[in-house]
Protein chains: 4
Amino acid sequence: MADLEDGSTSPAPRKRADARRNEKTLLDAAAAAFVTSGVDVPVRDIAAKAGVGVGTIYRHFPTRADLIVAVYQHQVEACVQAGPALLASSSTPYAALAAWIDLFVDFLVTKHGLAKAMQSGDSAYQSLHGSFIDRLVPVCGQLLEAAGAAGEIRPGIGGFELMFAVGNLCSGADYGDARYDARRMVDLLVAGLRAG
Amino acid sequence: MADLEDGSTSPAPRKRADARRNEKTLLDAAAAAFVTSGVDVPVRDIAAKAGVGVGTIYRHFPTRADLIVAVYQHQVEACVQAGPALLASSSTPYAALAAWIDLFVDFLVTKHGLAKAMQSGDSAYQSLHGSFIDRLVPVCGQLLEAAGAAGEIRPGIGGFELMFAVGNLCSGADYGDARYDARRMVDLLVAGLRAG
Amino acid sequence: MADLEDGSTSPAPRKRADARRNEKTLLDAAAAAFVTSGVDVPVRDIAAKAGVGVGTIYRHFPTRADLIVAVYQHQVEACVQAGPALLASSSTPYAALAAWIDLFVDFLVTKHGLAKAMQSGDSAYQSLHGSFIDRLVPVCGQLLEAAGAAGEIRPGIGGFELMFAVGNLCSGADYGDARYDARRMVDLLVAGLRAG
Amino acid sequence: MADLEDGSTSPAPRKRADARRNEKTLLDAAAAAFVTSGVDVPVRDIAAKAGVGVGTIYRHFPTRADLIVAVYQHQVEACVQAGPALLASSSTPYAALAAWIDLFVDFLVTKHGLAKAMQSGDSAYQSLHGSFIDRLVPVCGQLLEAAGAAGEIRPGIGGFELMFAVGNLCSGADYGDARYDARRMVDLLVAGLRAG
DNA sequence: CATGAATGAGAATTCATTCAT
DNA sequence: GATGAATGAATTCTCATTCAT
């Protein structure tokens with residue numbers, strides 16, 4: 001089936017073709033720059049990497065947060081989708097929860113500085129919560145609830161705090177201290193959920 | 001008895017009294033500024049608060065990390081001292097470990113942005129690890145070892161990673177999101193040590 | 001009877017009706033934008049208000065001055081026409097001059113920033129002189145000459161300088177300082193013409 | 001007698017010597033730049049002309065208005081002083097008023113763009129009114145009042161509007177159109193005061 | 001030793017103008 | 001012809017850091 005947006009809905013879709021390609025270039029460059037220098041990388045650096053002028057970035061993504069959101073949107077969505085799926089396919093709700101958090105860790109540990117930005121408290125990044133945390137928290141909440149209903153975990157832990165804690169544990173995991181394995185610490189945290 | 005710190009630790013014991021007083025002023029101002037604006041506060045702000053020129057700060061503390069280290073030194077030392085004490089006074093090694101980590105959390109959650117700085121990966125803050133983490137890690141290691149020897153916790157967890165994880169969990173705890181209680185998450189982590 | 005302006009004045013009388021309609025839209029939008037934000041309003045704002053792309057504006061009016069000229073052309077022409085008419089209908093040449101200048105002031109005080117732009121010295125606006133001042137100066141000159149011939153005013157004042165002075169006096173009249181009434185100052189100037 | 005500030009009052013006057021010299025350099029460079037490029041000249045250009053870094057300018061004059069004020073302060077004060085003096089030495093109050101306005105014109109016509117800036121309505125320049133206009137308006141008011149009391153001029157003209165009008169008439173006088181002589185137009189205006 | 005003036009690299013952001021579609 | 005995406009020069013402002021006094 002063809003892409004709906006191009007095929008029928010949009011009345012002026014034509015010239016967007018290359019603009020969208022350009023946006024893709026931008027996102028790739030930004031993603032790369034984020035990995036290299038963190039999400040605080042200067043706008044000009046991203047522009048240079050993308051081979052465009054800084055104005056182009058500002059046109060597409062007026063604020064830095066817009067850019068960050070766009071860069072990671074897809075992966076966040078995939079994570080959101082995976083929640084119910086894991087719940088359906090896992091042996092127990094707790095197993096689903098553990099697996100899902102594993103997925104989330106996968107996402108975070110490859111994103112230099114993302115966790116940091118999200119916890120920076122900088123108002124410029126407030127919208128990241130709206131787009132990421134708030135999108136993921138309900139999913140996490142459902143998994144926690146299911147595990148709680150099954151009596152597998154201690155009660156009273158919320159989705160937000162668990163997400164936030166996992167995010168925190170992954171922070172700095174990418175700065176290469178071999179002595180710190182974020183995944184192992186998250187395992188500890190998740191194991192702690194069972195203790196009652 | 002003379003001041004222990006000057007008498008035995010310091011390699012440059014002869015400091016004029018007023019110089020020390022000056023340094024004290026600096027540290028107080030810096031501590032206050034850190035609380036108000038985080039550890040990234042502009043040097044000039046600290047100087048102004050202390051009523052000295054910026055040059056004076058640079059003379060005493062060539063890098064920002066030096067200043068941070070100096071500001072929190074005492075509390076870190078107190079934490080170090082507390083380790084063996086708790087081990088001696090607690091019912092079990094695990095209880096001592098839990099209590100000690102609680103102390104560390106106390107330290108961190110009142111220091112705006114300190115946890116963040118320590119995990120920033122910014123090379124300027126690398127030395128914080130040398131001064132804080134590395135000072136505390138051995139203590140933590142001993143407690144872990146004792147608890148391990150007593151069969152109270154799962155084996156294979158190192159002092160460094162536990163310290164780092166706790167530090168991470170406390171990051172952002174001061175940005176006032178009521179939904180996130182760092183201490184509770186640390187509890188989870190510590191509880192997780194027993195599992196397995 | 002056909003539109004006089006197109007029928008006789010314009011050297012390119014064959015313009016497609018929709019192109020002219022388009023240009024009208026542009027001029028209206030520009031006029032509105034000039035009132036709101038002054039003649040220095042960003043091109044993009046005008047384009048947005050007109051519902052066209054910026055390219056369209058550049059096609060019709062390569063320079064900003066071209067646009068300004070076009071926006072105010074009609075009113076300038078009306079002013080030009082009024083000169084001889086007032087001379088014929090007034091009791092004395094001086095009365096005609098005073099009335100005509102009054103008309104000119106009417107024109108200027110409602111045009112935010114026009115007077116300012118015309119005196120800005122910015123080379124981009126040089127052509128405004130060619131289109132406005134130079135169109136009006138001869139009219140003003142005739143009125144001055146008539147009044148001079150009648151012995152009503154002091155000799156030696158040129159049309160250009162009087163126009164320019166009046167334009168200057170109207171500058172800033174629209175920035176709302178209630179203490180400044182441009183018309184009153186122009187009255188003073190015109191009264192000064194009589195003093196000898 | 002020695003300079004009081006250096007000699008006895010200031011507790012830390014010594015190193016201000018070169019700082020003050022530097023400020024002088026800054027003011028000279030700014031004055032020159034204002035003449036060349038108007039008061040909107042980029043900060044960097046002024047810095048370059050002065051042979052200092054931009055930061056130095058920001059240190060001394062946080063806002064552009066501060067710099068403009070400083071550059072013209074002396075001359076404004078001289079103008080203020082001249083008011084009463086002229087009143088005392090002139091044959092009639094009107095003669096004093098005319099002479100004083102002549103002085104003000106002298107000041108303005110050599111200051112490229114100053115009149116423009118003062119009438120720009122730009123909030124950044126609001127403080128110029130506070131420093132210039134408001135300083136001069138009372139003087140002008142006194143002269144007007146004296147001339148009015150002597151029955152030499154028409155009543156009802158305020159100091160502010162006269163100052164503003166004169167300022168306006170001098171606007172653009174420096175952009176070198178030989179056909180416009182600001183002084184002559186101001187003469188007309190002042191002559192107009194007598195009429196009526 | 002202390003001071004704080006000076007430096008200047010760096011980052012953000014805006015907009016006039018061009019040009020591929 | 002019309003569109004609006006892209007460009008990048010231009011400008012402002014901030015701070016870490018150095019160094020003359």
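In what follows, chains are A, B, ... by sequence order, proteins preceding strands, each numbered from 1.
Computed from coordinates, the B:D40 CG to F:dT14 C1' distance equals 14 Å when rounded to whole Å. Atoms CG (D:D45) and P (F:dT12) sit 8 Å apart, rounded to a whole Å. Distance, A:L67 CG to E:dT13 C1': 15 Å, rounded to whole Å. When rounded to the nearest whole Å, the span between CD1 of D:I57 and C1' of E:dG8 equals 13 Å. Atom CD of B:E23 is separated from atom C1' of E:dA2 by 14 Å (rounded to the nearest Å). In this structure, the CZ atom of B:F61 is 17 Å from the P atom of F:dA16, given to the nearest Å.
Side-chain N/O atoms of A:T25 and A:N22 include no donor and acceptor closer than 3.5 Å.
Backbone-only contact: D:V43 has heavy atoms under 4.0 Å from sugar-phosphate atoms and none from a base. In this structure, B:V52 reaches the sugar-phosphate backbone alone: every heavy-atom distance under 4.0 Å involves primed, P, OP1 or OP2 atoms, never a base.
Here the closest heavy-atom approach between residue A:F34 and residue A:V39 is recorded as CD2-CA, 3.6 Å. Between A:L26 and A:H60 the shortest heavy-atom distance is CD2-CD2, 3.7 Å. Across every non-hydrogen atom of D:Q73 and D:F132, the tightest pair is N-CE2, 4.5 Å.
The 5' end of DNA chain E is approached more closely, in terms of each residue's nearest nucleotide, by D:G55 than by the other of C:V54 and D:G55. With DNA chain E read from its 5' end, the first of the two nearest nucleotides for A:Y58 and C:V41 is the one closest to A:Y58.
Between C:H60 and the phosphate of F:dG1, there is no side-chain N or O to OP1/OP2 separation shorter than 4.0 Å. Dashed line: the shortest gap from a side-chain N or O of D:T56 to OP1 or OP2 of E:dA5 is not under 4.0 Å. At E:dT14, none of the side-chain N or O atoms of C:R44 fall inside 4.0 Å of OP1 or OP2 (strictly under the cut-off). Listed pair D:N22 / E:dA5 fails the phosphate criterion, with no side-chain N or O lying under 4.0 Å from OP1 or OP2. In this model, the phosphate group of F:dG4 is not approached by any side-chain N or O of A:R59 to a distance below 4.0 Å at OP1 or OP2.
Taking a pair to require two hydrogen-bonding distances under 3.5 Å in either a Watson-Crick or a G-U wobble arrangement, F:dT21 pairs with E:dA2. Across all strands shown, the partner of E:dA16 is F:dT7, judged by Watson-Crick or G-U wobble contacts whose two distances both fall under 3.5 Å.
The pair B:D28-B:K24 meets the salt-bridge criterion, with a side-chain N (NZ, NE, NH1 or NH2) lying under 4.0 Å from an Asp/Glu carboxylate O.
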